[in-house]
Structure formats: structure tokens, C-alpha cells
Amino acid sequence: MTKRIFALLLALLMVIPIVACAADDTGKPAETTPNAGETTAAPVSTAPAVTEPEYKPSLPDVKYEGTELVIVHRAVDEQYYPEIYIQADEINGDLLNDSVYKRNTIIEERYGIDIVSVINSSPESAVSVSAQAQSDEYDIALPKMKNISSLITSGHLYNFHDLDYVDFSKPYWDSNFDKDITLYGKLYAQVSDISLMTMIGARGIIFNRDLAKENGLEDPYDLVHNNQWTLDKMIEMSLKVSADLDGDQAFTDLDQYGMLTEGSNFRMLVVACGIDIFTRDADGNPVVGFMNEKTISVIEKLRAIYKDETHAIDYTDLNGTAGAAAINSYWNYGRQIFANGQILFVQNGPSTLNQLVEFGMEEEYGMVPNPKYDTAQESYYHMPDYDTTVMVIPATNDDYDRLGVLLEDMAYTSNQTILPTYYETVIKVRRAPGPEIAEMIDIIKNSISYHLGLVYAVDATSIINQASTSGNISSVFKVGEKRMNALIKKVSDAVKELP
């Protein structure tokens, strides 16, 4: 059992009493009425002992009276991956808002501090300006993962490995991020349960379960359980779903397809097949690792289905259609036609499940991990979107002991408040149609992997997309490998010189 699953099971135990008092549709607590002739037992006076999770941190009993923990982050209404897990001004009945409020209140009262939010659409710019002015106005920041490279190489960020009190082996920190992104013992960003954005941005495969049944296909859940959920199997199933629904002898947004696709699927599925974007040489230096025959095989397999206009439709194909114009977004229109029952598979993150409900999907849907390359592959792998946020610490901060205590406790408390609410209640209960999806989201969450290019702006995406678009994969890789290795060497040389 991985530490993440263990942590979530313990978190579930903490919310079971809440579930037992579930509200009915009116918002009132559900009532129970004894049968006629029955008597109600007297309440037991002794309350059950409360057990703390074994991973609860051991922190000093300290107060920081009159101080503030100032966090600069993006607003809740930003277009891509808004930061909704930091600020909550009051209890308003929204489950996530109220969990954030509870987390913040616990930390504020425990340490005598105020948690202060500073909203900025570009937190990385705020940190840069503050650093150049030698100002310590921000304690932590939550910029997009793809926007922090210059902050690191300019020396504007603090090394997380120099913080006391934090323990990245605990389940409320992402140890995969630590393992994958640490370079020469230095880590200038981190992921924790304080914000759940990387989990939300990690994509799996959403499928129409009823459509699979109607076409006599295997259940993807069974394929996962039997270790048969592979790239070849997903493509094979996609090629068995096709229908000219409107009978006009042409395939358009009004018809039925095996896949709804987008260009970024290529990089996500390359990683899903167990291919490392970067590897390390004997001295720990990063080098490009994905330009090989296996990657070429993955891209060629995907091109075969992606170029088949009778079995796959791309989000960009929907641009300019009446349906996309009606809701002013071809991305949302793609999810709408999935909800209409026209698509078997689409790769997306858990937050898309909510959209399916909003679009009134009537068929049963599900979600499974990204497919393995073959049955010999031991693990599943998932990569977050590079627009998701990470936590960074400005190097101008002057009280790292205090910050280490607060971040460790805030991450742990988030694990006990926000994570159970989002993970167990919002996704697994309110949005999920069946119990299997809970297990699948566990798999996805526990298999997120990262690569240095995500935070150091050495972008493999453009090369993979160019190779997949042109079909000249080997020649694109030959040129791209040299360029990427030069870029990552420049970055790594700069990191070596940092404190």
C-alpha cells in the first residue's frame, strides 16, 4: 500500500461520522425514525478515543503572535487552473470553501498568526519584483509550474531542502516531485496538499461506459484490473466506435467517434508508456531520455488513430462550428459532445467530470488511468499540465524556521481537511457515477511523475508535437535532442552555482 493510499484511507476514517449524518435534498440532516414498539437506547456517556494519524508531524509548541503568513497566488476566477485552495474569507456552505476556511482557522489559532492572501495573476512577477527590491513582503507564492525557471536561475528562490521541520517523506508532500525535480541536492519548488492543483491537472482517460457496452467492447475497469489496459487496447477499442449519426455521408461534430483528441495527448501518453523525458548520467547531470525507438513507436501508434477522421475528432476541428460558437469555447464544446454520448474516450483531468454533470450527461461514464505501453510495464504514469501551480519560497524571506513549522503543519492540516473534502466527497461521491472510479483516481493520484523541463522551461512538448504532426519523427528528434541537451546543460550549470 502506498503512503498516499494509506493517508487517504485514514482521512476517510475522519470523515465517516460526517457521511453518517448526510443531509437530504433539502439540506436538512437525514432523520431516522424507530419502528413502532422500539425504544431508543440511552446515549453512551464516554466518547470514543480520537486517534491521530501516525504521520502527524512532531513540531515545536510555539506561537508567532502578531505575525502574518503572506501568500501571493492567482485568483479563483483565473481561466486555467485557478487557485481555489488558499483563501476563504468566511463559511458560506460550499464544501471546498469551508474546508479551506477550517484549515486556515486551525493554523491561525494554533500559531497566533494571520494568513494573508495577495491576489496577482502573475505570482512569479510579484516574486521577481520583490526580490529585486530586496523586499520580504511574501512568505510563499504559487505560480504556474512553467513560469518559475527564471526565478530559480536568478537566485530568487529558497532551497526547500534547507528548511527545517519539513518532511517530504510524509504523505502530504509529493515525494515524486522531490525525487524528479531535485537537481544537485537543490529543490526550489514543491507540491503538497496545501494546493491540489497538480492532482487536478494530471490527466487520465475518461470513457463512456454505456457506449462501450453498446459496441460490445470490454469494460475498461476490467481491463485495468486484469492488467490488460494498454495503448494498443485503447486504440483497438477506439477503432470499433464510429457512426454517421446524421446520415449526411460526412463526419462532423454531429457524429460519433472513438476518440476526442488534442495535441498535448502525445506528450501525456509518451510519459504514460513509461518513457522518461529526462534521465541522469553517472554524475547526476540531466540528459534527454525520450528520443528513442519506443517513443517513435508510441507516436506512430497514436498518429494512426489521430489521423483517422472517421474514428477521431480533435478539439481544434470543433473551432468555428455552430456548437462551439454557441458556448464561446471549442474546448467546452468538445466536452459537451462527449456528454451527448458521441465520444468513447477523451484524455482529461478529474475536474472535467464536473463538466459532464453540468452538460447533463445521461450515459454512465468512468475514468481509468492512462494506458500502459504493454502488459510488461509495471506501473502507470501520469504527468500534470504545466499550467498547474507549485509552491515557491522567495529568497528574501528572513524567518525560515518559522516558515518550516507553518508549512509542515499547513500541509498536514490540509491533508486532514481539504483533501478529504475534495478527493472523497466532491469527486468520488458527488461527481462519480460508480464506486470503481474511486479506485482509478487513487491510481492516477499515486502515479504522478514530473520532469525537469516542466520547471526549467526546457520544453519537450513542441518537439513531440512537431514529430507527431509532420511524421518525420527521427529527423525531428535528431535536431531536437541536440537543442534540448544544450538547454538543460545551461540550466543545470546555473543550478550548480546556486546556494
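Numbering of residues begins at 1 and proceeds along the displayed sequence.
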Assess whether side-chain hydrogen bond (donor to acceptor under 3.5 Å, both in side chains) is satisfied between T261 and N265, documenting all intermediate values. CA-CA 7 Å; T261 65; N265 294 163; 5.2 Å; no
Output, in order, the C-alpha distance, side-chain angles, deciding distance and verdict of side-chain hydrogen bond (donor to acceptor under 3.5 Å, both in side chains) for D232 and T230. CA-CA 5 Å; D232 285 342; T230 64; 5.4 Å; no
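Residues satisfying the salt bridge (charged side-chain N to carboxylate O under 4.0 Å, His left out) criterion with E78, sequence neighbours excluded, are R74. With sequence neighbours left out, the side-chain hydrogen bond (donor to acceptor under 3.5 Å, both in side chains) criterion links H451 to no other residue. Judged as a side-chain contact (heavy atoms from CB on, under 4.5 Å), and not counting sequence neighbours, the contacts of L95 are T421, T425, R430. Shown here are the side-chain hydrogen bond (donor to acceptor under 3.5 Å, both in side chains) partners of Y381, two or more places apart in sequence or in another chain: there are none. For D139, the side-chain hydrogen bond (donor to acceptor under 3.5 Å, both in side chains) partners two or more places apart in sequence, or in a different chain, are N397. Annotation: salt bridge (charged side-chain N to carboxylate O under 4.0 Å, His left out) contacts of D385 (sequence neighbours excluded): R203. K186 pairs by the salt bridge (charged side-chain N to carboxylate O under 4.0 Å, His left out) definition with nothing, not counting sequence neighbours. With sequence neighbours excluded, the residues that form a side-chain contact (heavy atoms from CB on, under 4.5 Å) with A88 are N97, V100, Y101. R209 meets the salt bridge (charged side-chain N to carboxylate O under 4.0 Å, His left out) test with D219, E364, E436; sequence neighbours excluded. Partners of D399 according to the side-chain hydrogen bond (donor to acceptor under 3.5 Å, both in side chains) rule, which considers only residues two or more places apart in sequence or in another chain, do not exist here.
Y450 pairs with exactly one of D178, D180, D174 by the side-chain hydrogen bond (donor to acceptor under 3.5 Å, both in side chains) rule, that one being D174.
Interatomic distance, CG of L163 versus CG of L407, reported as 6.5 Å (0.5 Å rounding). Rounded to the nearest 0.5 angstrom, I194 CD1 and M391 CE are separated by 3.5 Å.
Among residue pairs with one or both ends in residues 464-488, none qualify as side-chain hydrogen bond (donor to acceptor under 3.5 Å, both in side chains); sequence neighbours excluded. Each salt bridge (Lys or Arg N to Asp or Glu O under 4.0 Å) pair with one or both residues in residues 263-290, not counting sequence neighbours, would appear here, but there are none.
Using a cutoff of 4.0 Å between basic side-chain nitrogens and carboxylate oxygens, E218 and K233 are scored as salt-bridged. Salt bridge absent: R303 and E300 never bring a charged side-chain N and a carboxylate O closer than 4.0 Å.
Aromatic ring orientation, F160 versus W173: perpendicular (interplanar angle above 60°, classes split at 30° and 60°). Note: Y412 and Y55 have perpendicular aromatic rings, judged against thresholds of 30 and 60 degrees for the angle between ring planes. Classification of the F168-H161 ring pair by plane angle, with boundaries at 30° and 60°, yields tilted. The aromatic rings of F290 and F477 sit perpendicular to each other, their planes meeting at more than 60°, with 30° as the lower class boundary.
Looking only at side-chain heavy atoms (C-beta outward), D193 and I418 stay at 4.5 Å or farther from each other.
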